Participant: 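Here it is, the structure, as structure tokens.
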Amino acid sequence: MQVEAPIYGRVALIGLGLIAGSMSLAMRRAGLASEIVGTARSADTRAVAAEIGLVDRVVDTAAEAVADADLVVLAVPVGAMGAVAAEIAPHLKPGATVTDVGSVKRAVIEAVGPHIPEGVHFIPAHPLAGTEHSGPRSGFASLFDNRWCLIVPVDGTDLAATEALRALWEGMGAHVDVMDADHHDLVLAVTSHTPHLIAYTMVGVADDLRRVTDSEVIKYSAAGFRDFTRIAASDPTMWRDVFLTNKDATLEILGRFTEELFALQRAIRTGDGDLLHDYFTRTRAIRRGIIEAGQDTAAPDFGRSVKTEAKAGSGA
Ligand code: NAP
């Protein structure tokens, strides 16, 4: 990827997990920031980040990290965003931009917005990219390549600051769209949050089935179940927060899911093969659409190979 002129001077990453780490590596790859400073809650994470050189400088506190930063990225679980915003607020540089990468947008806007001082731009965003891995060693520079990042402006958002953030995400390899917060939360409930809940449930069900021994579940796990287990291995804190903060949209989609499930259950019981066949034909077309949009591969078994499996997306 071509190295571009830096878009920001100092960038502060609050949280040093999968998303922040990948941002740091992607920013470096394209030369998008003059300096990247990072911090995390635990001394262990900060030590690992320093050891592997994940950012240019690791500091002990969020207040220290944001000093003189032109861009501050909140990359902590959604439920922690408000407390972090309160901590950094007095230390933000006038004219700086604060953004976040949280998987839910309305709750983050409500938690963070009130802490943002006059003269600082708050521009929420959400990269639709991820894996089931977390922590400071899990990031990689190409995570956002050809993925979407949704920018969710709040009232009165500064245009120039928004354009700079857009340029950053594009420089990190992403396509950018702008979306309203409530719509974002509904779309993500359909495309990510409810599917994750279903995966967690399915793996939980298999775990409960004492008639199927653990070893059989693991030994004979075919693609369907195996893909569920990968998604259900995602970070428990992050996903707890997603469901607690995107409650309404998730419950709405879960309600619809349950109705559809009952319809299919009934079709199986009554032997309604036409209904099942029509339904599966419709869902197959959706899969084709995702491949045509370049968001997955048409290769068998999701293009898995030993090398690519660890990087298969399950972003929130
Ligand atoms: P991660 O790898 O688990 O990293 C989370 C980071 O947040 C860690 O550095 C952690 O510090 C810190 N943290 C955790 N709890 C905290 C608290 N209460 N106060 C302050 N810091 C805290 O997570 P991630 O996958 O990068 O996710 C970060 C954000 O991106 C989340 O809001 C998530 O919703 C969003 N997101 C995730 C994905 C995905 O697929 N993973 C995709 C898009 C967006 P310690 O290591 O010291 O505990």
Side-chain angles (χ1 to χ4, degrees), residues 12-26 36-52 54-55 58-66 72-88 98-109 111-112 124-140 143-144 147-152 169 172 174 184-185 187-189 191-193 195-196 199-200 230-246 250 295 310-316:
L13 300 173
I14 314 299
L16 288 170
L18 170 71
I19 301 297
S22 298
M23 286 183 74
S24 183
L25 299 172
I36 304 169
V37 182
T39 192
R41 174 182 54 167
S42 71
D44 278 359
T45 298
R46 297 197 297 272
V48 171
E51 179 200 324
I52 63 175
L54 190 60
V55 292
V58 176
V59 295
D60 287 346
T61 65
E64 246 180 288
V66 306
V72 175
V73 183
L74 308 181
V76 298
V78 170
M81 297 270 183
V84 170
E87 185 187 343
I88 62 171
V98 174
T99 188
D100 76 291
V101 293
S103 306
V104 179
K105 295 276 61 99
R106 176 60 61 198
V108 169
I109 291 170
V112 172
H126 178 203
L128 307 188
T131 75
E132 69 278 26
H133 301 296
S134 53
R137 293 186 194 274
S138 60
F140 51 99
L143 177 65
F144 309 113
R147 299 287 164 211
W148 284 97
C149 178
L150 301 177
I151 292 185
V152 179
W169 278 106
M172 290 191 291
H184 166 279
D185 289 356
V187 169
L188 266 290
T191 57
S192 169
H193 303 168
H196 270 77
Y200 278 121
R230 183 173 62 74
I231 296 171
S234 301
D235 187 68
T237 306
M238 170 186 149
W239 282 96
R240 176 202 62 195
D241 286 4
V242 165
F243 294 118
L244 293 180
T245 56
N246 199 17
T250 308
Q295 295 298 303
K311 295 188 177 177
S314 75

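Numbers for residues simply follow the sequence, beginning at 1. Computed from a prediction, not measured in an experiment: that's the story for all the values here. All ligand and atom numbering here is 1-based and tracks the order in the structure.
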Participant: So do the side chains of V108 and L74 get within less than 4.5 Å of each other, counting heavy atoms only?
Facilitator: no
Participant: Looking only at heavy atoms, is any part of A83 under 4.0 Å from ligand 1, and if so is it the side chain, the backbone, or both, or is it neither?
Facilitator: neither
Participant: Taking distance alone, with no angle check, do V76 and ligand 1 share an N/O pair under 3.5 Å?
Facilitator: yes
Participant: Which heavy atom of V101 sits nearest to which heavy atom of W169, and what is that distance?
Facilitator: CG1-CZ2, 4.1 Å
Participant: Got a sec, which residues hit salt bridge (charged side-chain N to carboxylate O under 4.0 Å, His left out) with D44, two or more places apart in sequence or on another chain?
Facilitator: none
Participant: What part of M238 sits under 4.0 Å from ligand 1 if we count only heavy atoms: the side chain, the backbone, both or neither?
Facilitator: side chain
Participant: Quick check on contacts: which atoms of ligand 1 are under 4.0 angstrom from a heavy atom of G135?
Facilitator: 1 (P), 2 (O)
Participant: Mind checking whether G102 has an N or O less than 3.5 Å away from an N or O of ligand 1?
Facilitator: no
Participant: Can you check whether M81's main-chain N or O pairs, donor with acceptor, with D100's side chain at less than 3.5 Å?
Facilitator: no
Participant: May I ask you to list the atoms of ligand 1 that are less than 4.0 angstrom from any heavy atom of S134?
Facilitator: 1 (P), 2 (O), 3 (O)
Participant: If I compare all heavy atoms of S138 with all of G135, which pair ends up nearest, and what's the gap?
Facilitator: OG-O, 2.6 Å
Participant: If we set the cut-off at 4.0 Å for heavy atoms, which region of H133 has an atom near ligand 1: side chain, backbone, both, or neither?
Facilitator: neither
Participant: Between W239 and H193, how do the two ring planes meet: parallel, tilted or perpendicular, split at 30° and 60°?
Facilitator: perpendicular
Participant: Is the closest N or O pair between L18 and ligand 1 shorter than 3.5 Å?
Facilitator: yes
Participant: Identify, by atom number and element, the atoms of ligand 1 in contact range of V101, meaning under 4.0 Å from any of its heavy atoms.
Facilitator: 29 (C), 30 (O), 35 (C), 36 (N), 44 (C)
Participant: Should you measure from each heavy atom of L16, which atoms of ligand 1 turn up under 4.0 Å away?
Facilitator: 8 (C), 9 (O)
Participant: Suppose I only count heavy atoms of M81 and a 4.0 Å limit; which atoms of ligand 1 are within that range?
Facilitator: 32 (O)
Participant: Give the atoms of ligand 1, by number and element, whose distance to some non-hydrogen atom of P127 is under 4.0 Å.
Facilitator: 43 (C)
Participant: Is the contact between H126 and ligand 1 made by the side chain, the backbone, both, or neither, using heavy atoms and a 4.0 Å cut-off?
Facilitator: side chain
Participant: For ligand 1 and R41, I'd like to know whether there is a polar contact (N/O to N/O, distance under 3.5 Å).
Facilitator: yes
Participant: Has ligand 1 got any nitrogen or oxygen that is less than 3.5 angstrom from a nitrogen or oxygen of I19?
Facilitator: yes
Participant: Where do A85 and V112 come nearest, in terms of heavy atoms and distance?
Facilitator: CB-CG1, 3.8 Å
Participant: Please work out, at 4.0 Å between heavy atoms, whether the side chain, the backbone, both, or neither of T45 comes within that distance of ligand 1.
Facilitator: side chain
Participant: When you compare ligand 1 with S42, is there at least one nitrogen or oxygen pair between them that comes in under 3.5 angstrom?
Facilitator: yes
Participant: How close do S103 and M238 get, counting heavy atoms only, and between which atoms?
Facilitator: OG-CE, 3.7 Å
Participant: Got a sec, which residues hit side-chain hydrogen bond (donor to acceptor under 3.5 Å, both in side chains) with R137, two or more places apart in sequence or on another chain?
Facilitator: none
Participant: Does the D185 side chain pair with the main chain of N246, one donor and one acceptor, at a distance under 3.5 Å?
Facilitator: no
Participant: Measure the distances from the heavy atoms of S234 to every atom of ligand 1 and state whether one is below 4.0 angstrom.
Facilitator: no
Participant: Numbering the atoms of ligand 1 from 1, which are under 4.0 Å from a heavy atom of A80?
Facilitator: 17 (C), 18 (N), 19 (N)
Participant: Of S103, A75, A40, which has the heavy atom at the shortest distance from atom 6 (C) of ligand 1?
Facilitator: A75
Participant: Which atoms form the tightest heavy-atom contact between G38 and V55, and what is the distance?
Facilitator: N-CG2, 3.8 Å
